[in-house]
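For this chain, numbers begin at 1 and follow the sequence in order.
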Amino acid sequence: MDSSSRQMTLLGATGVGVGAIVGGGILALAGTAFATTGPAAVLAFLFNGVIALLTALSLAELASKFPQSGGTYTFAKKALSVEAAFAVGWVVWFASVVAAVLYAIGFAHFSLVVVTQLWQAFAGEVPNWIESSSLKTAGAILTTVLLSASLMIRSAGGGQLVNVGKIIVFACLILAGIVATTQQSSAEIVTAFDPFFTAGIGGLIQAMGYTFIALQGFDLIAAVGGEVREPSKTIPRAMILSLLIAIAIYVPLLLVITAVGTPQGQSIAEAAAANPEGIIAVAAQDFMGPIGYWLVIVAAVLSMFSALEANLFAASRIARTMAVDRTLPSAVAAVRGPHHLPVIAIAVTAALVSLILIVLPDVSAAGAASSLIFLITFAIGHALTFLVRRRSHRRPPPFKTPLFPLVPILGGTACLALALFQGFAVPSAGAITVTWLAMGGLIFVALFRTRASVFDVSTTAIDPELITLRGRTPLVLVPIANPQNALAMISLADALVPADVGRVLTQTIVVPPPDWKPEIDDDPIVRSQNVMREILHASANCGIRIESLTTVSPDPMREIARVAKLHRCESVLLGLNKIADVRSASHLETLLGELDANVVVLRSRKDWEFADVRRVLVPIAGRGGHEHMLALLLGSMQRTRPLEVTFLRVLPKSAHVDEVRRAERDLHRLAGDLCPSSKVDVVVSSDAIATVTHRCDQSDVLILGVQRVGRRKKLFGDFTRAVAGRTDCPMIVMSRRG
């Protein structure tokens, strides 16, 4: 995302975290914590705060290295496969959407409480329709729609006025509680905290499992990282600052609630068990009177509103980032206006929230599933931090987690333990998570997998560091028999697999004649040495680090296949002077059938240099299965220079206008996935070969695909041979592994 889209300052980023964390969680879950473990609920929130801080440190390191929107999905995409990244993104998006559902319901509920109280005060008896569940659902949907509409016309910064308002309200509650505490005797205070553990250490752990979600929200800052200024500094600071603000509010509030918020002769655990949802409101009324009750209600309304906005904001950015990577429909990635707002992603997210509000009968189970998903993804975040730190040799993260690897190990273990607790405590949460993931898997395989994997190959080719981050060290084998091809072959191999992330292995083969006697006839060795000399010259002149291998074999093609299999080569780069030569091509086709590697065949002129390539012609004859190799080649070229790529489709004169339009649409889609700045040309002609060869005169290189008859049968095809026979334009012919 360009710098013009980075409008969010430290205050705005912190506001996203504070908006999502502070208020809603503690108001909803404090009663559960008190009922489970008594006054030790203070420790439950404090220990959860420590785990959250550990997690924030790990996610902050990842966000500083990958300052794009998407959060944990983006981190997974960088270090894992595209399939694993989709799974992470799919469930994180769902978790944020469900969190938005819960906060929308909470906002509608507390808003109706205000309406009910005012109706009673000014109009008397409250009509039944005001307290109906349908009105609450309608209010939640209306609020979601209006908030989403506002997010489509302005760049959100966390709802600063709402955040300030609720922090002031909580500060008033805490100050009033401290004043009330000073008016009590020390014996009364000690009695309020005795017994401290009502259910022992087990109860404390249970309370931690129930309430960790109250501190979720700091991760949303990473989810909107593409809109943050100076992200490597701002995101870590905003994450930690928002958590510290939350802990600074939660712990004192729980302490004063315990000390002075319960009726005479009743413990906080008993009061919470009797009214878990309203314990803070009841407690505030106990030491502040009616004003305390209304302060809590106001805090609840503000908290639910800001948390709803923060989750809608972050969830839409996750959806948009996935769409950019083709793991959701690419239309969702569209942005509008001067601030480049993802209006379609916001609309889709709001629609999903509204749908869940209408059709999901058990929202509490979905909320538990949201908690479970966040805990699992936090554990994944810790693991990714460990992997990325270990694999970031060229460009380490700007922000580094202190006490590495202790922080990710402790934080990841704690998150996994709490996730297991959540899974056992609420089995339906696990069922909902698995169901949503299975549904996403089916959708991904059916609709997105092909485009997403092609786009991922292109992205990886453009940014080779991703190869290292994913733990791969690819090897490209380059057999060279003609010394005149050495420079072109080595430079192309280095583009496919840069030396700092993989290996280039050149191979020279001494081909002995029948009954060869080396002590008498050293011509085969001399020829091999001449080739090796040119290889070393080319390597030194280009500054490309290579490894060399020389073998002796009467059957070069079989020897190439043996070495490729022995060294588990990811790619094999071959040179061929005359593709139109049936005999030479047939030998190469035999080799293609034996290789389980990506194969690139280069035919070039003597004076041709790969580094000079700018104009690339790519004829496309439908979706031929070569998109992955094409993505690799074009991505590698784009990494080092600007390209003028033309995607060409030739249709017969009998083609209907609808067929031409469909071909243009498909070609534009392919071009957008592989090289967005490329040209697309659909030509209606009775002579496809003449059309392509004519365009070759205006191109530096022609890229074609090998015809696949079967897994072990790959041919150059009549079209490739015919084009090769009519033009001397350098050609790259490619075949994907398998």
Side-chain angles (χ1 to χ4, degrees), residues 457 461 476-482 485 488-493 495-497 557 560-561 564 569-605 608 610 613 615-637 645-650 670 674 688-689 692-693 695-696 699-738:
V457 171
V476 56
L477 177 66
V478 190
I480 299 178
N482 186 347
N485 291 340
M489 297 281 284
I490 291 175
S491 58
L492 177 54
L496 293 173
V497 181
M557 296 301 174
I560 293 171
C569 298
E570 184 172 290
S571 302
V572 177
L573 175 58
L574 303 169
L576 187 63
N577 291 331
K578 296 181 179 180
I579 292 178
D581 185 339
V582 176
R583 181 181 177 185
S584 299
S586 62
H587 283 301
L588 202 54
E589 288 168 350
T590 301
L591 175 61
L592 290 175
E594 296 183 13
L595 291 173
D596 282 322
N598 297 324
V599 178
V600 178
V601 180
L602 173 64
R603 188 204 71 170
S604 63
R605 296 186 293 259
W608 185 78
F610 177 73
V613 170
R615 299 169 300 171
V616 182
L617 178 63
V618 186
I620 300 293
R623 306 288 278 190
H626 302 300
E627 293 86 355
H628 290 79
M629 279 302 298
L630 189 55
L632 176 62
L633 286 169
L634 293 179
S636 300
M637 293 180 182
V645 181
T646 300
F647 290 90
L648 175 64
R649 179 79 184 272
V650 182
L670 179 64
L674 301 182
I689 295 173
V692 172
T693 53
R695 296 296 183 91
C696 286
S699 306
D700 298 325
V701 69
L702 171 68
I703 299 179
L704 293 169
V706 167
Q707 180 180 339
R708 297 169 63 97
V709 181
R711 175 174 172 79
R712 293 298 180 184
K713 190 67 173 177
K714 304 170 186 178
L715 308 173
F716 283 107
D718 295 335
F719 181 85
T720 301
R721 295 176 192 271
V723 171
R726 293 193 190 184
T727 178
D728 65 348
C729 177
M731 296 177 60
I732 295 176
V733 185
M734 57 193 181
S735 171
R736 190 182 179 190
R737 65 167 54 204

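The shortest distance between side-chain heavy atoms of Ile480 and Ile490 falls below 4.5 Å. By the 4.5 Å heavy-atom criterion applied to side chains, Phe719 and Leu704 are counted as neighbours. When side chains are defined from C-beta on, Leu492 does not count as touching Ser636, because their heavy atoms never get closer than 4.5 Å. Here the side chains of Ile703 and Leu634 are in contact, with some heavy-atom distance below 4.5 Å.
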- Can you list the steps and then say if Val618 with Leu674 is a side-chain contact (heavy atoms from CB on, under 4.5 Å)? CA-CA 11 Å; Val618 186; Leu674 301 182; over 6 Å; no

- Item | Full working for side-chain contact (heavy atoms from CB on, under 4.5 Å) between Leu630 and Ile620 | CA-CA 11 Å; Leu630 189 55; Ile620 300 293; 4.1 Å; yes

- Message: Let's go through Val476 and Val600 carefully: what are the C-alpha distance in whole Å and the side-chain angles of both, what is the deciding distance for side-chain contact (heavy atoms from CB on, under 4.5 Å) to 0.1 Å, and is it a yes or a no?
- Response: CA-CA 10 Å; Val476 56; Val600 178; over 6 Å; no

- Begin with the C-alpha distance, continue with both residues' side-chain angles, and end with the deciding distance and a verdict on side-chain contact (heavy atoms from CB on, under 4.5 Å) for Leu633 and Val616. CA-CA 11 Å; Leu633 286 169; Val616 182; over 6 Å; no

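Note that CG of Leu632 is 14.0 Å distant from NE2 of His626, once rounded to the nearest 0.5 Å. In this structure, the separation between CG on Leu496 and OG on Ser491 is 10.0 Å, given to the nearest 0.5 Å. Considering CD of Glu627 and CG of Leu670, their distance stands at 6.0 Å, rounded to 0.5 Å. Here the SG-CG distance, from Cys569 to Asn598, works out to 11.0 Å after rounding to the nearest 0.5 Å. In this structure, CZ in Arg695 is found 13.0 Å from SG in Cys729, a value given to the nearest 0.5 Å. With rounding to the nearest 0.5 Å, the separation of CG in Leu595 from CG in Leu477 is 8.5 Å.
Closest approach of Gly575 to Met489, counting heavy atoms only: N-CE, 3.3 Å. The minimum heavy-atom distance linking Ser699 with Leu617 is given by the pair OG-CB, 3.4 Å. Of all non-hydrogen atoms in Ala561 and Glu594, the two that sit nearest each other are CB-OE1, 3.5 Å. Between Arg603 and Thr727 the shortest heavy-atom distance is NH2-O, 2.9 Å.
Applying side chain to side chain contact (heavy atoms under 4.5 Å, CB included) to Pro619 and the options Ile689, Leu702, Thr720 leaves one that passes, Leu702.
Panel note: side chain Ser735, backbone Val599; no donor-acceptor pair is recorded below 3.5 Å.
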